[in-house]
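Working notes, structure below.
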Amino acid sequence: MRDHKYKNKHKHKHTTHRREGEEQGGAPGTMVESRSTIAFFGTSRPPVALDLFSCPVNPPPSSARDEQRLTDGVSYNHNGRAIPAPALKELLSFLAKKDTALALAGGTTPEDVDKGGVTALVFISGRDNGLETLHVALRAADNKNTVLSLADVYGAGTFGGVRMEDSGCLAGGFEAGGLTVGHSLVYVSTKGPAAARRTPCPWTVVYKTNLADGRTERLTPPDQYDLNPAVSPSGQRVAVANFRSGEVGRLKTDIVVMNVDREAQGGLGRSILIKDGGWPTWGSDNVIFFHRGVDTKDNTDWGVYRYDLTTKETVKVTPDNIQAMTPAAIDETTVAVAVTRETSVDRTRKEQYRHIEIFEVGKPASPVVITHRTTPLADHYNPFVLDGGSRVGFHRCRTDDDKVNTTADPKKKHKDGGLAGVFPSISNDGSKICYVDNEFRSVWVADEKGPRPVHSVRNKIRVLSTTWNQDMSKDTIYFCEGTADHLQICALEGASELRPNDRNMRRLTKGKFNDAFPSSNPAGTKFVFRSTRDRSGRPEYGKYNNLYIMEDAEEGEWGEGTVTQLTDGPWTDSHCSWSPRGDWVVFSSSRDRDIVDDTNCFSIFLVLATDPKVLVRVMSLAGHVCHPVFSPDMDNIVVTSDFAVVSADPVSLPIFIASVRPYGDMFSIKLRDTADINKNKDIVEFHRITHTCYEYSKPTWTIYFGDEPNDKWPTNSGAATGPYAPPLSMHWCLGEVLSALQVLATNLPNA
């Protein structure tokens with residue numbers, strides 16, 4: 001990797017990275033200061049942070065006063081599980097031996113567990129440099145809360161690096177084969193890359209870490225991928241959702257069971273138990289509840305089922321007229337479920353939100369409703385069982401009424417932040433960012449004066465795909481405006497001016513085409529865009545998209561303005577971006593779909609802006625590889641791709657209703673040669689930048705950033721504050737460029 005020798009005119013905190021030779025074991029390179037910023041938007045990740053709560057079961061809650069907060073309000077917290085006392089005692093004993101100071105700071109000891117003076121949860125939090133990783137929350141008898149990272153307890157060798165973790169649960173505590181099996185933490189991690197292949201596959205692997213000594217082993221076999229582990233009440237068996245296929249909205253998984261300890265139990269004994277099922281949870285060692293999606297003509301209907309390992313009988317537990325998912329078994333006949341009773345875009349009734357209900361087998365019409373009276377107009381996710389079934393936990397977005405402890409560990413560098421919106425673009429000087437609101441009704445600008453709408457539309461018109469003109473003296477934003485079939489490219493001049501009369505909006509394209517994704521050259525005199533128009537004399541090509549260059553970025557197609565066709569063919573060329581040097585254009589294209597036998601294939605290409613005959617395929621993979629953007633030095637290209645499929649069951653995530661497609665995670669491609677375009681043909685190496693359970697799309701990359709982006713771009717007026725927040729949200733990562741160009745979100749979440 002080349003050194004990024006940028007000199008920012010602002011005062012920034014810098015980190016370092018090594019040259020490529022150093023990474024590969026070559027001669028040491030000079031350490032240089034280098035950081036950069038990537039902004040992008042995500043679906044399913046609410047702008048309002050998540051926290052864990054619990055409610056009593058019998059009697060069920062009567063008001064919000066019956067709800068108890070379980071986490072401290074620092075960052076996003078979700079997917080909790082209770083830690084049994086014997087397992088917690090082993091964890092605290094290990095910590096006391098390894099790090100006495102940390103153990104004392106936690107304020108709890110193994111002896112406190114024996115006295116019943118401490119309880120604990122394992123959960124996922126974004127407080128570890130923005131990564132979604134495992135943490136333990138300790139609650140003492142005096143209600144003092146302490147949160148420990150698993151990396152702090154067991155070291156970065158096991159719980160370190162750029163990764164996502166999920167679904168922590170506790171196993172062990174039994175005797176088998178003449179051996180005593182201690183307690184262990186079973187969980188999902190994406191820390192190991194998937195085997196080299198051209199087809200999309202997850203990176204989700206189930207591991208087991210011994211709480212007494214930190215030893216870790218992989219439970220998922222090579223070339224297989226698992227989600228959502230659950231441990232039987234005896235601690236002896238693990239059920240997982242084994243990945244078969246699927247993407248954003250509907251995974252296809254089978255439920256596989258295996259032993260916990262291969263040595264004591266004579267091997268893992270892994271086998272498929274239930275076809276087409278997900279999110280397993282044990283009611284007893286002989287009963288598993290799970291959810292299943294049944295595809296219909298218009299959507300997928302979700303229900304919760306019960307499987308008896310003795311009789312091999314499967315029965316549906318929830319009624320047909322609701323959406324029920326992510327079960328948490330209380331016992332053999334009772335299960336807590338997340339339920340949506342009505343589906344509506346305009347959600348004004350509690351039945352239209354996801355709530356926690358408890359069902360008894362054979363009584364689908366008589367559930368115990370848990371959260372209707374606590375936060376009725378909020379979504380509640382992924383229940384879990386506490387205190388032997390007397391309480392049920394879950395996570396939801398915070399509300400203004402929640403009392404939040406915002407005191408974070410001063411030693412940590414975590415800072416949360418983001419804006420509610422999509423299609424971000426950072427100006428070349430890093431002073432401002434533009435984006436589209438979640439309803440696709442307004443173009444917004446955020447700078448030192450705060451976020452504000454600068455252009456809005458009404459009726460059926462929508463806006464999308466903002467980008468700054470690269471010549472910052474113009475203060476011009478390009479964006480698309482229209483309907484799904486008919487989009488025009490517009491320019492907003494004086495975009496960051498506060499007074500509306502100082503801003504001027506002009507349409508640059510004409511005709512009933514789908515014109516979108518403009519990107520200007522560095523001089524700001526031209527822009528490239530995709531369009532359904534045809535300049536080749538073949539009307540049948542009107543259903544396809546090719547790239548065109550607007551020769552006059554100010555006049556557009558009006559006056560003496562002209563359009564030049566850059567690419568041509570019966571396919572879709574889109575998501576174009578002009579290089580910082582001005583000679584190349586990078587774009588995604590479906591022209592490879594026959595090569596990889598996938599109609600949904602989008603690959604990455606480079607074309608010379610002045611000669612369309614000079615065209616190189618940079619990367620071709622089955623799946624979507626889209627929204628390519630150059631790094632400021634042109635050494636790399638960042639893309640969004642579903643190559644890692646998903647890292648969590650999509651139905652467990654916050655609901656999203658959007659007209660833009662999510663793509664998965666951010667990946668980077670290291671160009672072999674920035675002078676000779678032909679040397680970048682068919683690059684097979686890539687690096688995964690983000691590890692997340694959410695879906696990310698449309699990046700923008702700049703060398704400029706602030707040590708505190710919330711001061712640079714104040715966000716208080718742009719984010720939702722209610723219990724249900726718009727799930728499309730935009731985030732930035734202050735990129736600490738690591739050895740594999742993995743940009744770690746050191747200051748902000750989920751990148």
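Residue numbers run from 1 in the order of the sequence given. What you see below is based on every heavy atom in this structure, not just the backbone, and it leaves out hydrogens, waters and symmetry mates.
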Please indicate whether Arg215 has more than 12 foreign heavy atoms, meaning atoms of other residues, nucleotides or ligands, lying under 6.0 Å from its CZ. no
Just list the side-chain donor-acceptor pairs under 3.5 Å for residues 165-178, sequence neighbours left out, or say none.
unit_1	atom_1	unit_2	atom_2	d
Glu165	OE1	Leu134	N	2.7
Glu165	OE2	Arg163	NE	2.9
Glu165	OE2	Arg163	NH2	3.4
Asp166	OD1	Asn79	ND2	2.8

Side chains of His691 and Thr190: donor-acceptor distance under 3.5 Å anywhere? yes
Are the side chains of Trp279 and Pro327 in touch, meaning some heavy atoms are under 4.5 Å apart? yes
Does one side chain, of Thr300 or Asp295, offer a donor that lies under 3.5 Å from an acceptor on the other? yes
Any side-chain heavy atom of His627 within less than 4.5 Å of one from Ser697? yes
Do the side chains of Phe243 and Thr220 get nearer than 4.5 Å, heavy atoms only? no
Determine whether the side chains of His380 and Thr375 contain a donor N or O and an acceptor N or O closer than 3.5 Å. yes
For the pair Arg688 and Asp665, find out whether any cationic side-chain nitrogen is under 4.0 Å from an anionic carboxylate oxygen. yes
Glu67 side chain near Phe394 side chain, heavy-atom distance below 4.5 Å: yes
Using 30° and 60° as the class limits, which term best fits the ring planes of His355 and His372: parallel, tilted or perpendicular? perpendicular
Any sub-3.5 Å donor-acceptor pair from Thr374's side-chain atoms to Thr371's backbone N or O? yes
Results of ring pair (Phe, Tyr, Trp, His ring centres under 6.0 Å) for Phe359 - residues two or more places apart only: none
Can you tell me if Arg391 has over 12 outside heavy atoms packed within less than 6.0 Å of its CZ? yes
Nearest heavy atoms of Ala648 and Leu251, plus distance in Å: O-CD1, 4.2 Å
So which atom in His78 and which in Cys693 form the shortest heavy-atom distance, rounded to 0.1 Å? NE2-SG, 4.4 Å
Is Glu217 atom CD crowded by more than 12 heavy atoms from other residues, nucleotides or ligands, each under 6.0 Å away? yes
Going by an N to O cut-off under 4.0 Å, is there a salt bridge joining Asp261 and Lys208? yes
If we ignore angles and hydrogens, is there a donor and acceptor under 3.5 Å between the side chains of Asp128 and Ser149? no
Do Leu185 and Tyr154 come close enough that some side-chain heavy atom pair is under 4.5 Å? no
Between the side chains of Gln236 and Asp285, does any donor sit under 3.5 Å from an acceptor? no
Looking only at side-chain N and O atoms, does Ser184 offer a donor or acceptor that is under 3.5 Å from a partner on Asn210? no
Would you mind reporting whether Asp66 and Pro56 have side-chain heavy atoms less than 4.5 Å apart? yes
Do other residues, nucleotides or ligands put more than 12 heavy atoms under 6.0 Å from the NZ atom of Lys316? yes
